[in-house]
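All remarks here apply to the structure that follows.
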Amino acid sequence: MDLFEYQGKQYFARYDIPVSPGGMARTIDEAVAAADAAGYPVVVKAQVQVGGRGKAGGIKLAADAGEARRHAEAILGMDIKGHVVKIVWIEHASDIAKEYYASFTLDRSVKKHLAMVSAKGGVDIESVADEDPDAIAKAHIDPLVGLDEATARQLVDAAGLDVEAHDGAVDVLMKLWRCYDEGDADLVEINPLILTPDGKVHALDAKVTLDDNAAFRHPEWDEFRGVAQLDPRDALAKEKGLQYIGLDGEVGIIANGAGLAMSTLDVVNQVGGKPANFLDIGGGANAEVMAGALEVINTDEKVKAIFINIFGGITKGEEVAKGIVEAFRRVDLKAPIVIRLDGTNAEEGRAILKEHESERLVSKPTMVEAAKAAVALANGVQP
Ligand code: GDP
Ligand code: MN
């Protein structure tokens, strides 16, 4: 679960990470009240889960209530890269001497956590990584050992933070580590982490991704969940208990088994298409489950063709085929379907599909042929 900045800062505050006093608002009047409470000057910040809000006009300084009102008016309802601003966060504005960067995340390739610190903060860290990779100090952290203060100090030193920021930055890093580790986050990022003119180190932004697998340990996360922006596709999939991950392509994917679903994404890529999602319906491919999966994919505007890839095991081919036909009848689909059915009783299953074949329902015997047909349909070509 991705948190909004203000929720991330609430989470930070639990671990004693210094953040500015402030309040959230959904209306202009609430915004002015929050600004009055924070004390002027304030900064009015759009709460959307996308970077570069500053450049998009979603972050504005206000010297008094009148200005806070005008900024709140402009920012609430603003569209930032397709995200409509429904909430603003208003905090007491900070004086900035320097902008740094700090984060912890998981590096799955080495089965360790990765700490990153840079003196080049306030800008997109990916572009720093591209243009000046040496400006980012990195350290892998053994999950069984954790972060010790010596490592934190080495990182701060290697990143070239100003000497007057060292103690404060080490302190923030140690607290941020606890927030990440005990707080069961997959990502905590502070960009910028600032040094103020009076020598304090302080989080000006917060990006936090919580590990949903740990939700059972954190009943207090429920309050975040109410407001967190779930992609509508993800929300529906969650409701239906499906393993779904939204992607950006135009070929919707349904497969049974995570391994087959991943292979399906690969094959679609190989034949020149782009998958719109990962969706594993698990073992039982009955009409109920299949209809649910099709409904989820149907909410994705980008999908131009759907590739159903089923390998029958315990569930027999004819049952799978009946399920697909029934689901196809139930859901008013926007995109045509291509099916590859194999495994137990594949022949019987294909015979059933054959009876219902049309321009909107195509059956192919192999994965590659089916992928090619789906990609062709996505490009508006009848295979
Ligand atoms: P992002 O653009 O979405 O990452 O939003 P940030 O919260 O990181 O803010 C972007 C930039 O706005 C920061 O790098 C700062 O330069 C500026 N900014 C944010 N808050 C303050 C503040 O309290 N005082 C000042 N002077 N600038 C701020
Ligand atoms: Mn930022």
Side-chain angles (χ1 to χ4, degrees), residues 2-13 17-25 31 34-65 67-68 71-72 74-76 78-105 116-129 135-136 159 161-162 165 168-169 172 176 179 185 187-209 228-229:
D2 293 328
L3 300 187
F4 287 108
E5 173 197 4
Y6 80 92
Q7 297 173 322
K9 283 179 169 168
Q10 286 169 359
Y11 212 52
F12 281 0
I17 297 162
V19 290
S20 306
M24 66 93 100
D36 288 345
Y40 297 95
V42 296
V43 52
V44 182
K45 308 182 78 175
Q47 298 299 289
V48 282
Q49 286 167 350
V50 54
R53 293 169 299 161
K55 274 188 205 151
I59 295 176
K60 292 263 196 274
L61 288 161
D64 55 41
E67 217 176 342
H71 290 329
I75 293 173
L76 280 166
M78 180 185 265
D79 186 309
I80 300 181
K81 300 177 188 169
H83 297 245
V84 177
V85 181
K86 297 200 180 100
I87 301 171
V88 286
W89 167 252
I90 292 154
E91 66 180 31
H92 184 68
S94 304
D95 286 332
I96 303 174
K98 285 286 171 60
E99 296 192 310
Y100 308 132
Y101 172 95
S103 69
F104 291 101
T105 187
M116 290 195 276
V117 180
S118 178
K120 288 198 167 180
V123 290
D124 183 20
I125 196 67
E126 279 82 16
S127 55
V128 177
I136 305 172
L161 265 52
D162 303 77
V172 168
L176 187 63
C179 176
L187 167 76
V188 289
E189 184 187 72
I190 307 179
N191 189 20
L193 175 69
I194 60 162
L195 172 66
T196 62
D198 57 355
K200 298 211 167 63
V201 177
H202 175 121
L204 213 60
D205 193 4
K207 192 165 162 189
V208 174
T209 304
Q229 272 175 335

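Keep in mind the model is a prediction, meaning the values are calculated, not measured. Ligands are counted one by one from 1 in listed order, and the atoms in each one are counted from 1 as well. Note that the numbering runs from 1 along the sequence shown for the chain.
The Ala93 neighbourhood of ligand 1 comprises atoms 23 (O), with distances under 4.0 Å to a heavy atom of that residue. Below 4.0 Å from some heavy atom of Glu99 lie the following atoms of ligand 1, by number and element: 13 (C), 14 (O), 15 (C), 16 (O). Within the listing of ligand 1, atoms 1 (P), 2 (O), 3 (O), 5 (O), 6 (P), 7 (O) sit less than 4.0 angstrom from a heavy atom of Arg53. Listed by atom number, the atoms of ligand 1 under 4.0 Å from Ile59 heavy atoms are 5 (O), 6 (P), 7 (O), 9 (O), 10 (C).
In terms of heavy-atom proximity, Ile59 sits nearest to Lys45 at CD1-CE, 3.8 Å. Across Ala62 and Tyr40, no two heavy atoms sit closer than the pair O-CD2, 4.0 Å. Scanning both residues, Val128 and Ala135, for their nearest heavy atoms gives CG1-CB, 4.1 Å.
Remark: the Tyr6 side chain and the Glu91 side chain contain no N/O donor-acceptor pair separated by less than 3.5 Å. Asp2 and Thr209 share a donor-acceptor pair across their side chains, judged by distance under 3.5 Å alone.
For Lys45, the closest heavy-atom approach to ligand 1 falls below 4.0 Å.
The protein heavy-atom contact nearest to atom 4 (O) of ligand 1 is Asp205 OD2, 3.2 Å. Annotation: atom 27 (N) of ligand 1 to nearest protein heavy atom, Ile96 CD1, 3.4 Å.
Atom CH2 in Trp89 sits 12.0 Å away from atom CG in Asp205 (nearest 0.5 Å).
Residues Lys55 and Asp124 are not paired through a salt bridge, judged by the lack of any N-O separation under 4.0 Å between the basic side chain and the carboxylate.
Taking only non-hydrogen atoms, the option from Asn191, Leu204, Val48 nearest to atom 20 (N) of ligand 1 is Leu204.
Of the polar atoms of Ser94, at least one N or O is found under 3.5 Å from an N or O of ligand 1, judged by distance alone. In terms of N/O distances under 3.5 Å, ligand 1 is not approached by Glu5. At least one N or O atom of Gly54 sits closer than 3.5 Å to an N or O atom of ligand 1.
In this structure, the side chains of Pro41 and Leu61 stay at 4.5 Å or more apart for every pair of heavy atoms.
Remark: atom 17 (C) of ligand 1 lies closer than 4.0 Å to no protein heavy atom.
In this structure, Glu67 contributes its side chain and Ala63 its backbone to a donor-acceptor pair below 3.5 Å.
Asp205 contributes OD2 and Asn191 contributes O; the angle these two atoms make at the Mn ion (ligand 2) is 90°, rounded to 10°.
Neither the backbone nor the side chain of Lys55 has any atom closer than 4.0 Å to an atom of ligand 1 (non-hydrogen atoms only).
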